[in-house]
Amino acid sequence: MTTNKLLTYWLALALIAVALPAAAFLQFPYDIPGIVDWNNDGTATGTVPDFIGLPGTPAAVSMHLAAGDGYSKMADGTGLYIFGFNKGSAFPASTFMKNTEFRAEMPAPTISYYEGQEFYLTLTNVGMKLRPDLFDPHSVHFHGFPQAAPVFDGEPMASFGIRMGFDLTYYYNLVEPGTYLYHCHVEATEHMEMGMLGNLFIMPRQDLYTRKTLVPVSGFTQFAYNDCDNLPPYNPGKTDFETTLVTLSGSMCGSTGYHVQKEIQFSDFDAIFHQKSLAADVLPFADMESSHYMLNGRGYPDTVGASVLNDAASIGKVNYYSQPIDSKVTANQGQRILLRLSNLSIQNFTTLEFNGPAFKVIGKCAKLLRGPDGKDLSYSANSVFMGPGETYDLILDTSGWAPGTYYFYSRNLNQLNNDQMERGGAMTEITII
Amino acid sequence: MLKLQFMKKISLILAAIILLLSVGQANAFIDGISGTSFQFAAREGRLSTPDGGNLLFWGFADTTPGGRASVQYPGPTLIINQGDTVTITLANELKEPVSMMFPGMTTLSSMVPALKQGRLSSLVPECEPGGTQTYSFRADKAGTFYYQSGSNQAIQLRMGLFGAIVVRPVLHKKLAIHNTVPFGLYSSTNGVRHPQVRLDYNNPTGIGGVAYNPSNSSDMSTVYDREFLYMVSEMDPKFQRWMEFEQDKINKPFDFSAWKANYWFINGRNAPDTMGMPLTSKNGVVSGSLQLPSQPYNCMPLFHPGERVLIRIINMGQDFHPLHTHGNHMRVVAEDGNLLQSSGGTGADLSWEAFTVTMAPGKTFDATFTWSGKGLGWDIYEDTATFRPYEYIADHIKTFTPFTSPAASGLTPKLPPQGLPVIMPGIQETMAGPNGSGSPFLGSKEALTPGEGGFNPFNGFFFMWHSHAERELTNNDIFPGGLLTMAGIVPWPATGDNLTVLDEYMP
Ligand SMILES: [Cu+2]
Ligand SMILES: [Cu+2]
């Protein structure tokens, strides 16, 4: 670091120190329920009522993310500088910065709630510890959110990003279940290549309905989508369903039921781009070529291994797990598996192939594959082709499958490497016991 | 890294948009040429890129008497009627033979391929340099199609010899079904419920259309209020320069395995030029984007809440492109000019919804898009009195009481009840873009940091519609740019909600 850069660094830190007290505007800084006036009666009781009377399912939920930088470890041992998000919900404002800076995770923490809940997402820009010359804002783009408004869309041309040292809160009324994804939209090409990507899915109200009625549908209590025809809506106060007496039915009722679910996000890194970013060099957009292909931020065999512990002790970070999400799936023979797939590469299409019996593609882009008149548009397949920014939902029915280890992997042969290391890349294991 | 140069550029372009909007030149229908008999010329041209560069291209020019007469990228959009027989006489001003073919059309002129020295030269009869050749086809089906050269396609399609074809169905504007739309949870100023979707199709004073012949009077699957073209292509500047300066296939051949796109276009322009004004020519008077003489088509979807927009998507490039619409899902109702129906008479019952549609090379999609803000959980108009057209009733006049953090304040209300569920950060804490209004509410304006915003004259909601292969958001190494445009939700006029009132931005 040059003297000049160091000076900028300390100036940046000073700015953060001054800025933090202004963060008292935080409305939902912790995962502590109790500070939301969810039914608009003008009072907050200190406890968010349980959503539709189900214990442990608050009507409003919150998460606090930090946006900053970090260091990842690829499956071939290469360390790559990253930008990313990490969860800071457990830290009060006074120590938030200290505990969250330089701990970016790839992918970002998974966001997963129920249809009907209200979600407050606070984002604090904790700055770039290894790039003190950068003053980039950050944002969260809730990709695919239906009927969005620019203020919470995170797309900086139409709205804004949050500057270093400050925070903002996004609000989402989670009205549509399905598999989405999220990412930073500021300087999108650069920030997304650098790793500001995450899984996001909303579970359907049919799950809560079966929990409420204690009547499973075809033996299932968890579903990818609301697949029954007569599922009642919530009542206006969301204290219950409009009716809880009906027996769920319909030609596709239960077709999206599952026992085990796993989110799997495809992405890739161009190692040279990351090295140039760390060196504050000119960024090579034109010459970008991916070198490391990943599922949930890891190349095989790390995809099925333990959490990637970064040797960040040398930079003063202990217990820094830069890539905490594995892609391993384990199920008992006969169980149904829901895979929530997404592609957040910024340049590569992928075809993910499965070496077992056919699976069913039941959803695309957070929509049940169903025509406008209710016609079943789901289909069986052994592979799924997925473009950047697309999501798919697969159901694997393991009835009659021989126990063993099955593989789910990119059929694009150039995506089965961790740079020069063969037998790697975008691949994971599905173990049937 | 912020590229101030781009912001400067975008300022210029958006200034042009404001001019455009103030003179009301954004049309409800796609810009193009109509008729059954055309004269085209194939010739060389130069196109401009927003990074200050320019590239050689080969394109078609409409040399029909009264036409624009100059070469353009892409070629003129043909807007024709189903059942029409169209004749095009092509004059070749290039140094190699060219031709025209019309996938999806019923070709009436010869389909005998052209051979030269025993090798295939063109998929259809071609036009020698300096000569002319006449092509004719019948448009039997309504839909979204394209034409392109059938000669030496690996070179000529990379050079730009293609254009869009829109075939209007027989029943375009002929079925009176406007009044049969079921009412939804949307209201108007006077409390009368409006349909969830505007569907102004064949309203006697309305502006809408239909993409495919409705199967019956209640089939509204491809009815729309406004339509926009999304013709996508890309270029590798190395190849364009080789064509311009080398073209030496023997001594200095181009390495096609190293072809790599670094410019991406919508309707022949890179962002932010996509959002500039179109180049229009009426009665010999040319106006609009004079700085882009060979790129006449812009891509600036503007529409009101509740209106249904038809997006005609065509990929004329060689790469896949994933088109992502911020704001809402699209519903794909047709592919390659075929309505997605299980049998005749069902309407688009096999249509599907997507927030990202992968455009494969040579494919066309028709997709509908509607935005009303339904279910956001807060009142996007933040007002207390009247309903706006297509406003979602359940969110009307909702307010929230902001609190500080429990540890700091013991749950003291921070501010009086407000319309937004959260407290906005201060303007010094954010970095806003050119299309913001400073207000989270539709039709409202609030202070922005000096130098920000300013390109949202109607205080609308803007949504980026772009390639989600985000490397394509660059112009030859410079971010942002490329395959990107901003779709704008323009609030309905504040007074009254007469559906036939055309506001100043969108006739
Ligand atoms: Cu996105
Ligand atoms: Cu986007």
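Keep in mind that the numbers below use all heavy atoms, side chains included, and drop hydrogens, waters and symmetry copies. Chain letters run A, B, ... following the sequence lines, proteins first and then strands; every chain starts at 1.
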Among [options], which residue forms the greatest number of heavy-atom pairs with chain B at distances under 4.5 Å?
options	answer
A/A366, A/G387, A/P372	A/P372
A/A188, A/A148, A/S139	A/A148
A/L174, A/L369, A/D373	A/D373
A/P156, A/A149, A/G371	A/A149
A/L344, A/V175, A/D153	A/D153

Residue part contacting chain A, namely of [X], when any heavy atom lies under 4.5 Å:
X	result
B/N262	side chain
B/S351	both
B/W371	both
B/A261	neither
B/H321	backbone
B/S467	neither
B/Q428	backbone

Check whether [X] gets within reach of chain B through its side chain, its backbone, both or neither, counting any heavy atom under 4.5 Å.
X	value
A/L377	side chain
A/N348	neither
A/H183	side chain
A/P236	neither
A/M288	both
A/F145	both
A/K375	side chain

On a heavy-atom basis, the closest approach of A/Y225 and A/T179 is OH-N, 3.7 Å
Determine whether the side chains of [X] and [Y] contain a donor N or O and an acceptor N or O closer than 3.5 Å.
X	Y	result
B/D349	B/S342	yes
B/T356	A/E390	no
A/H185	A/H138	no
A/Q347	A/S290	yes
B/E234	B/Y263	no

Practice prompt. Show the numbers, then the answer: is there a ring pair (Phe, Tyr, Trp, His ring centres under 6.0 Å) between A/H191 and A/F83?
Written response: CA-CA 7 Å; A/H191 286 203; A/F83 300 169; 5.3 Å; yes
Taken to the nearest 0.5 Å, the spacing of B/F369 CZ from B/M330 CE works out to 8.0 Å
Rounding to 0.5 Å, atoms CG (B/L340) and CH2 (B/W352) come to a distance of 8.0 Å
Derivation of the ring pair (Phe, Tyr, Trp, His ring centres under 6.0 Å) call for A/H141 and B/H324: CA-CA 12 Å; A/H141 169 50; B/H324 171 51; 5.6 Å; yes
With sequence neighbours left out, the residues meeting side chain to side chain donor-acceptor pair (under 3.5 Å) with A/S345 are A/D268
For residues 169-182 of chain A, the salt bridge (charged side-chain N to carboxylate O under 4.0 Å, His left out) pairs (sequence neighbours left out) are A/E176-A/K367
